[in-house]
Structure formats: structure tokens, C-alpha cells
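One structure is given here, and the rest of the page talks about it.
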Protein chains: 2
Amino acid sequence: MSDTNTRPATAVVLFTMDRGLKVLLVGGSRWHLPCGPVEDGESLAACAKRMVTNAVRHSEIYLEQLYTFDGATLGTQGTGIVVTYYALAPLDKVGIPDRDSRWFALADAPALPDGHQRIVDCAGDRLTAKLAYTTIAHQFLPDQFTLAELQAVYEAISQQPLDKRNFRRRLQSSDHLVETGGIRRDGRHRPARLYRLRQPDQVAALRQGNPK
Amino acid sequence: MSDTNTRPATAVVLFTMDRGLKVLLVGGSRWHLPCGPVEDGESLAACAKRMVTNAVRHSEIYLEQLYTFDGATLGTQGTGIVVTYYALAPLDKVGIPDRDSRWFALADAPALPDGHQRIVDCAGDRLTAKLAYTTIAHQFLPDQFTLAELQAVYEAISQQPLDKRNFRRRLQSSDHLVETGGIRRDGRHRPARLYRLRQPDQVAALRQGNPK
DNA sequence: GCGTGTTAGTGTCACTCATACACGAACGCT
DNA sequence: AGCGTTCGTGTATGAGTGACACTAACACGC
């Protein structure tokens, strides 16, 4: 018997960047996405955040709602609805997950329970799409970063190599990057300049000034 | 006391095109969006569809999930979550709404209950965004239409005038339109050619053939 | 201190795409 | 036959995109 009176749950697709894009799965009997029912008095976002914090030791991560599934859209017989989120974090924040959590590349993730694969795919699509018109890629990087690092993030997500010069030109003429003045020495070669992301309100202010 | 165990509800922002973009509100004591709780055994999409059908006499309409709100994101004290949808239909399908429903232009809609205005804004933003990279505008038109009608839809949603020649060139070189061969006489002036939307799978097939 | 290996950083040219813009064509009506 | 109205069309110019190769700066080993 169907019963929509069950608690809604949240499920989270947490990505990080570690030599390619990785997804966090939690184990036990079988690998699946971090998920669980909303508790009394808890908001949806808070619940999703809790799912993440349960698996990795960090709560300051980028979190965005993805889609809301029910038995029909998830392809399961289950009753109740699942509000899904995706989350992004740089590796240095979430590098060591809990004992029964692990990072998987999208290509070689294990079989997931009904519907979970669908959610992962959906998150991947959204991530790829937002790469083009947002600064979402920066969620995988620390505050200061080099252009080569940023390019590596773009290449990992879009799964295609990018031309270095065109990439730099595009990004540098986008108002979003500020050169910090710092450099990073990283081996026996020319050091790289460091950049940081300009705050969105400052970008807006800048454009007001240059309404070109 | 908070209680997330209440039934989820759906709310729908139904748009049509009638000398500009219009939203359907339902009355009674106060104007609000068509909304209501999901029934036992009912899917989310089915519930949203029912909300629409309750207000206008038509069920074959374009329906897409928008966002899922809770008390926190909606700015209300309410418990429970609201899965919102937006829907699009040509005027000739939904022209005569039920007695206590009415079409409002976005600009002169009445004050809405907590959160509903937020949902409408969200739907408007989504609609505008999707205009650019989908064929969503056609949901406002009958099967056969003229380019002038299509342009009017684009102008109403984007709220800016478009250059006729550039518009036509862009659309005609997009693989999505097929000239039907028919024409429409519509007054004492040159008749307009009729077009219809090519089915997405046929567009894909076409692009395979011309992988340019 | 000099050579070598490695990554960082830069400019141009060709081409495509977007924008701005004005007039003849086809019809209904009087 | 003339008029009013909407339909339908081409071009020129500037902006943006994609492809492409070399020098700069450093660490290290000798």
C-alpha cells in the first residue's frame, strides 16, 4: 500500500577533485549515497548537510539542491520522496572520509541501489552544465590557486582538454579573477602566479562601473 | 512544534501567453497559486498535474519540476515541504479558467501569501533562462505557428524587443523548425508561412547526418 | 656557474557569430 | 487602382572563438 505520509529523505552527491572528479559513497552492506530521513524541526538543507558531515569531517561545503524524486521518478516501488542535493568540496577539506566511506571515480563506481545511479548521473549533468556559466569550479579549489589548477578542474569536469592560452584569456577577461600578487614555487620550474575569486557583489559593482 | 511528518504538497505556477505572459492564480478568500497536498499513492508529478486540472480544463500541458521548499527556504513558519512545478500552455487550451481562477500579468498580480511570490519569481527566472537554450517557447503556441507569433513569445518572456531578421535567421538555422508549406491569411496583408517544431529525436538524427 | 629539464606565461591570425539596419512582396479592402 | 498593413529578405561591420609555438623563470645536478 502506498503511503505518502512517510518522512521525506535527503540524499547527497558529494564531489571532490582528486586526480579527477570523485564521488563519495558510503558502505556497510552495499555502497550507496549518503542519505537519510529529515528529522523533526530540521530543514531540508540542514538534513543534507548532516548527511555530508556524517561521512566526512567538514561542514563548510557548497551545497545545492538538485531535484526531488518520488517512487515514480526513481524507478523504485518505495513510497516517500527524496530531495537530492549535490555538494562540492576541495580535497584538503574532505580528504579523509570516515571508515566506511570512500571516494570513487565516476567511471569505476560500484553498482548502486535503485535510483541512486540516476541521482549521480543527474548531479554530474548539472555540474557540467553549471561549469559553463558559473564559478562553480572554484568550489574544488582553496582560496588561492593557480590558473593551471583551475584549468585542471575544468578539464576534469568537462572531460576534454582545453587550450591553455584560450582558457587563460577567457577567465582573465571575465571579471571573476583577481591576481593576489603571490606566487607559488612548486618544483624546479618557473613559479605560478596566484589568483583568488572576486566576490560576486564586487563583480557586480565592477560591472556597474564599466557598463560597457 | 515542528513536525516534518506532514504530507508534502505541490504548488504549480501555470503560465500562458495572452497579450503578454500571464500566471494563473486561484481565488477564494485570497489569491494564491494552485497547490495542495499529495494524496496516498499519488506521484508528485500527478499531484501537480491535478492542481492544474482543478483550475483549468486541460491536462495535456508541459509540466516541469522547479524547486522544493521547506519552511526555512519559503520564509514561513509552516512545517512540511512544498515541491513546486511550473507549467506552460497555449491560451487556446486553457483560455477559460474555472470561476475562481484568473490570469494575471506578472506586473500586476495581487499580493500573494508567504512564499508564493518567491515561487512565482523563481519560475519566471527559470522560464527566462530556458528560453535561450531550449524550445520551451513553443509550449505557448499551437502545433503550427508563424515566425511572428514565435517572436512575440520570445519578446514577451525576455521582455525586450528582438530584431526580426536576426531572430528569423537564428531560428531557421537551428534545425528545430520545419516549414509546413501552409500559410495563414490574417488580414489585408501578405500571408505568413506556417512552421512546426521538429521532434527532438528527428533533430538528433538530422545532426548525426550532418555532424559538421 | 652552467647546462638541462620542467612548468608558467604570452600574441596573432583566421574564421565564425552577433548586431544593426531598409525595402520590396503579397494580400484585403475601399 | 490605390492604400494600408504585415511578411519576408541581405549585407556590412565588429566581437568573440579556436588553433597554434615560443620564451621566461626556476631547481637541480654537475
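Every chain is numbered from 1 and lettered A, B, ... according to where its sequence line falls, protein lines coming before strand lines.
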If every non-hydrogen atom of [X] is compared with every non-hydrogen atom of [Y], which pair is closest and at what distance?
{"X": "B/Phe140", "Y": "B/Ala89", "value": "CD2-O, 3.7 Å"}
{"X": "B/Trp103", "Y": "B/Leu14", "value": "CZ3-O, 3.5 Å"}
{"X": "A/Asn54", "Y": "A/Asp98", "value": "O-OD2, 3.1 Å"}
{"X": "A/Pro90", "Y": "A/Thr16", "value": "C-OG1, 3.5 Å"}

In this structure, how many angstroms lie between the [atom2] atom of [N] and the [atom1] atom of [X], rounded?
{"X": "B/Arg184", "N": "C/dC27", "atom1": "CZ", "atom2": "P", "value": "16 Å"}
{"X": "B/Asp186", "N": "D/dG8", "atom1": "CG", "atom2": "C1'", "value": "16 Å"}
{"X": "A/Arg193", "N": "C/dT7", "atom1": "CZ", "atom2": "P", "value": "19 Å"}
{"X": "B/Arg188", "N": "C/dA25", "atom1": "CZ", "atom2": "P", "value": "20 Å"}
{"X": "B/Leu171", "N": "D/dG8", "atom1": "CG", "atom2": "C1'", "value": "15 Å"}
{"X": "B/Ile183", "N": "D/dT6", "atom1": "CD1", "atom2": "P", "value": "17 Å"}
{"X": "A/Phe167", "N": "C/dA8", "atom1": "CZ", "atom2": "C1'", "value": "14 Å"}
{"X": "B/Leu177", "N": "D/dG8", "atom1": "CG", "atom2": "C1'", "value": "15 Å"}

Residue whose nearest DNA chain C nucleotide is more 5′ - A/Ala192 or A/Asp163: A/Ala192

Pairwise distance CG(B/Asp163) to CZ(B/Arg168) - rounded to 0.5 angstrom: 10.5 Å

B/Gln159, CD: over 12 other non-hydrogen atoms inside 6.0 angstrom: no

B/Asp143, CG: over 12 other non-hydrogen atoms inside 6.0 angstrom: no

Any side-chain donor near an acceptor of the partner, B/Thr128 and B/Asp125, under 3.5 Å: no

Using the 3.5 Å cut-off, write out each protein N or O paired with an N or O of nucleotides 21-23 of chain D and the distance between them.
from	atom 1	to	atom 2	distance (Å)
D/dA21	N1	A/Arg165	NH1	3.1

Test side-chain contact (heavy atoms from CB on, under 4.5 Å) applied to B/His116 and B/Arg30, step by step: CA-CA 12 Å; B/His116 281 211; B/Arg30 192 175 172 188; over 6 Å; no

With 3.5 Å as the limit, what N/O pairs link the protein to nucleotides 16-19 of chain C?
from	atom 1	to	atom 2	distance (Å)
C/dT19	O4	B/Arg169	NH2	3.0

Residue A/Pro191, side-chain atoms from C-beta onward, closest of C/dC27, C/dT6, D/dA25: D/dA25

Trace of the side-chain contact (heavy atoms from CB on, under 4.5 Å) decision for B/Arg126 with B/Glu64: CA-CA 10 Å; B/Arg126 180 81 136 259; B/Glu64 186 176 317; 4.1 Å; yes

Qualifying residue for side-chain contact (heavy atoms from CB on, under 4.5 Å) with B/Val12, from B/Leu63, B/Leu33, B/Val83, B/Ile61: B/Leu63

Residues within residues 130-158 of chain A bordering DNA chain D, heavy-atom distance below 4.0 Å: none

